[in-house]
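Note sheet for the following structure.
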Amino acid sequence: MSAAVTSGEVPLYRVAVRALCDFTAREGDLDHRFTPSPSAREGIAGHALVAGRRGERYERELALSGHYRGLAVSGRADGFDPALNRLEEIKTHRGDLSRMPANQRALHWAQVKVYGALLCAERGLASLTLALVYFDIGSERETLLTEEASATELSAFFEAQCERFLSWAEQEAGHRQARDTALAGLSFPHAEFRPGQRELAESVYKAAATGRCLLAQAPTGIGKTVATLFPTLKAMPRRRIDRLAFLTMKTPGRRLALEALARLGAASDCGEGGEGRLPLRVLELTARSKACEHPDKACHGDACPLAAGFYDKLPAARQAAAERGWLDREALREVALEHDVCPYYLGQELARWSDVCVGDVNHYFDVSALLHGLAQANGWRLALLVDEAHNLVERARGMYSGELDQHAFATLHRSAPAPLVKPLGRLMRQWQALVREQGGADEGQRGRPAYQVLDDLPGRLVGALQQVATAIGDYLAEHPGGADPMLQERLFDALGFGRLAESFGEHSLCDLSRHGRGRAVLGLRNLIPADFLAPRFAQAHSCVLFSATLSPAHYHRDLLGLPDDCVWQTVASPFRSDQLEVRIPGGISTRLRDREASLEPIVAELAGQYRRRPGLYLAFFSSFAYMAAAAERLARLHPELPHWCQTRGMREDERDAFLARFRAGGQGIGFAVLGGAFGEGIDLPGERLIGAFIATLGLPPFDPFNETLKVRLEARFGSGDAYAYRIPGLIKVTQAAGRVIRSPEDRGTLVLMDDRFQRAEVRRLLPDWWQLG
Ligand code: SF4
């Protein structure tokens, strides 16, 4: 390649072939019309099958690289057949190839041409046959598209692609330098650190600088968001960290992170006319359902105006977004609409080019998470900050769990197009067989419970499900336009469930719930997320998990699969024990069998405390039924005492109304369910909340699911009871109690209403600054 620079030259910018072509070779519409692509496993199997059909000298997975004017380009070509002098790019697909969007085909040609240029330059070849090998997963047939090309032509093509990328690469290299210089000189945004804040910031810096994982328990009110963001940003230039992901459990957490970044100078309104702003690109990632401008439309150019010509308009939108730098949800929408492109997909594109992404934990930990995929594909050094990390065990369990609904597939069976009737019929027969094997169709029939944990995965049903997925996939590939949304939904169900079934093991269980005839639900539920998350932690450069309630550390280490060298830190609470009076009145048991008898003494505690110190309180219970019974008893015995109750599935405005009663000068008791909307993440400082009653240990119910969980956790970690029940329960208790004292000036009362709070193994799990009465 004539223009290749010498290998001794330090590259200005490195780019993977795939990323280069993504940038330069895509044009036309965005097209997410449902063309079911093969699963990763099918893709790997397809590649292996094609390569296996080639001759002995066939070279697979060829590592190739080259330079052009300071740009270092590298990647792996799928295969080279020296006997035929043919370079192959293998793409697996399903159904009619002619339906493949033109921009996808153009991208494939661009990739094989760039690899061709690199191969010719490396081996001194004068010409090559380039081949796109389309392998149909369903029929196992290959369609070969070939083109002859000379080394000169390929070199010219390579140079043209590099030229199109170069000005962006130069801008990126300049931005990186400016960013790193600014971050090295970044100063803490407040005059001084709060108590405990510096300690936390120092540990976070060490974790980022040494590439370790830190589990940091730090109390409310010390400013954890800034204390984690600031040191990680400072460490970025020193440790050549490419990207930072701030991951949260809920939307309010994202807001806090963006506010902290704005205080650090990253927002567009920082400095005069935005001139003095920190040269840091910040992107807020939102769900498609929240970012979509046309929820009634499909994501392709024929349906949605913001998908039409998306790739043609993308360069200008991307440039404008990069110049803007600060892209919270509103700013991203503004840029997208100015350029007439979809805000959601523009956000997905900009995740490649942003320094800090603020998103949900899903964006890194989920099965096919965007940030994890990008980090792997581009070899990023990625620093992770995970807020409210005490919730990660539960959230991750959800990410690796799924359900299959018998009724939903039966409904599809009744209205299915002809080619799907047979496979769906087979699936329905397998459903019936499974339900029969497990004791009958009806809920509670013959004394059996409606819920059962199965000994094993029902293999025949899963096999029939895979055939249904293939049949729907093929059908949709042939009929992409007018497909029934129900077909797509069932295909997603089947693919998601199938993927979980492929990796089924000791970390998960399979269960069957029967809600009546023809209404069974098969579940695959993750119990030990560590098996899925451990590689994610290992692949990140560094990770800080922080929360006010992360004790005991071994629980999170074990269940999340944190690396062995993960550091534990607990920042001492700035609160004094005399700020919180903690009482455990004797003689109250909230065990299921004692609930009725507990109502009177609980109500007496509530009324007594309220009489002694009138003001605003929260009372937490284990369930809505228990809460309602206590509220009813209070109303009967103490009608003068104002109270209000949480209700199931409260809307946002209803939740706001519940909280609005907690205003300075107000009086009464808000009744809530532990672990629900008011048990964490709400801030009621000073007189807005002067005490809490907790009438539960927060233990999950003793049912077959939790008992199986306990057995598995005992077998794996030797801590069944504590890991399945006690620790998750007391994390919720501590979170709820944490609503009372929010600042060094606050004073309050906490009444723990269950005699088991007196037990040593329970007391050990409560914060050590509490002085238990
Ligand atoms: S605006 Fe909505 S429908 Fe249109 S491309 Fe974006 S996400 Fe899809």
Side-chain angles (χ1 to χ4, degrees), residues 21-23 25-37 94 99-107 250-251 254 281-322 324 326-354 357-364 366-374 399 472-473 476-477 479-493 495-496:
C21 297
D22 270 354
F23 192 95
R26 287 183 304 177
E27 49 191 39
D29 294 354
L30 182 91
D31 195 344
H32 282 259
R33 202 177 324 223
F34 196 73
T35 44
S37 47
R94 249 187 229 293
R99 298 191 192 279
M100 178 171 282
N103 71 47
Q104 212 170 329
R105 181 71 56 79
L107 180 66
K250 295 181 187 147
T251 314
R254 287 210 307 264
R281 293 191 196 141
V282 175
L283 173 70
E284 181 182 6
L285 287 168
T286 34
R288 183 182 168 280
S289 57
K290 297 232 171 89
C292 177
E293 290 287 319
H294 296 285
D296 56 325
K297 298 192 167 49
C299 303
H300 58 83
D302 298 341
C304 176
L306 300 181
F310 179 89
Y311 290 112
D312 304 329
K313 296 177 238 169
L314 179 61
R318 183 169 48 207
Q319 184 61 38
R324 194 147 172 165
W326 177 262
L327 293 163
D328 59 5
R329 187 176 155 187
E330 296 74 27
L332 177 66
R333 178 170 184 267
E334 232 175 83
V335 175
L337 297 187
E338 269 165 22
H339 290 84
D340 210 17
V341 294
C342 164
Y344 174 71
Y345 287 105
L346 179 62
Q348 301 271 299
E349 167 68 24
L350 293 173
R352 292 164 166 78
W353 313 109
S354 297
C357 285
V358 179
D360 186 273
V361 282
N362 269 320
H363 286 117
Y364 185 76
D366 206 350
V367 185
S368 49
L370 173 73
L371 292 177
H372 174 255
L374 286 175
M399 293 175 208
I472 302 181
L476 286 174
H479 304 83
D484 178 352
M486 186 168 45
L487 269 180
Q488 299 188 1
E489 282 166 28
R490 294 297 80 78
L491 178 58
F492 280 128
D493 293 349
L495 291 175

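For ligands, and for the atoms within them, numbers begin at 1 and follow the listed sequence. For clarity, every value in this text was computed on a predicted model and none was experimentally measured.
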(Q) Please list, in number order, the atoms of ligand 1 under 4.0 Å from a heavy atom of Lys297. (A) 3 (S)
Q: Find all atoms of ligand 1 within a distance of less than 4.0 Å from any non-hydrogen atom belonging to Cys292, and give their numbers and elements.
A: 1 (S), 2 (Fe), 3 (S), 7 (S)
(Q) Ring of Phe310, cation from Arg26 - is the NZ or CZ under 6.0 Å from the centre and inside 45° of the axis? (A) no
Q.
On a heavy-atom basis, I'd like to know which of Glu293, His294, Gln348 is closest to atom 3 (S) of ligand 1.
A. His294
Q | From Cys299, Ser289, Gly301 - option closest to atom 8 (Fe) of ligand 1 by heavy atom | A |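 Among Cys299, Ser289, Gly301, the closest heavy atom to atom 8 (Fe) of ligand 1 belongs to Cys299.
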(Q) Treating Glu284 as the side-chain partner and Arg329 as the backbone partner, does any N or O pair qualify as donor plus acceptor under 3.5 Å? (A)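 Flag set: sc Glu284 to bb Arg329 pair under 3.5 Å.
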Q) Got a donor-acceptor contact below 3.5 angstrom from the Arg281 side chain to the Trp353 backbone? A) yes
**Q.** Flag for Gln348-Tyr344: side-chain donor and acceptor within less than 3.5 Å
**A.**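 Yes, side-chain donor-acceptor contact under 3.5 Å.
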Q.
Any non-hydrogen side-chain atom of Val341 less than 4.5 Å from a side-chain atom of Leu306?
A. no
Q) From atom 8 (Fe) of ligand 1 out to just under 2.8 Å, does an N/O/S atom of Cys304 turn up? A) no
Q: Check whether any N, O or S atom of Cys342, backbone or side chain, sits closer than 2.8 Å to atom 6 (Fe) of ligand 1.
A: yes
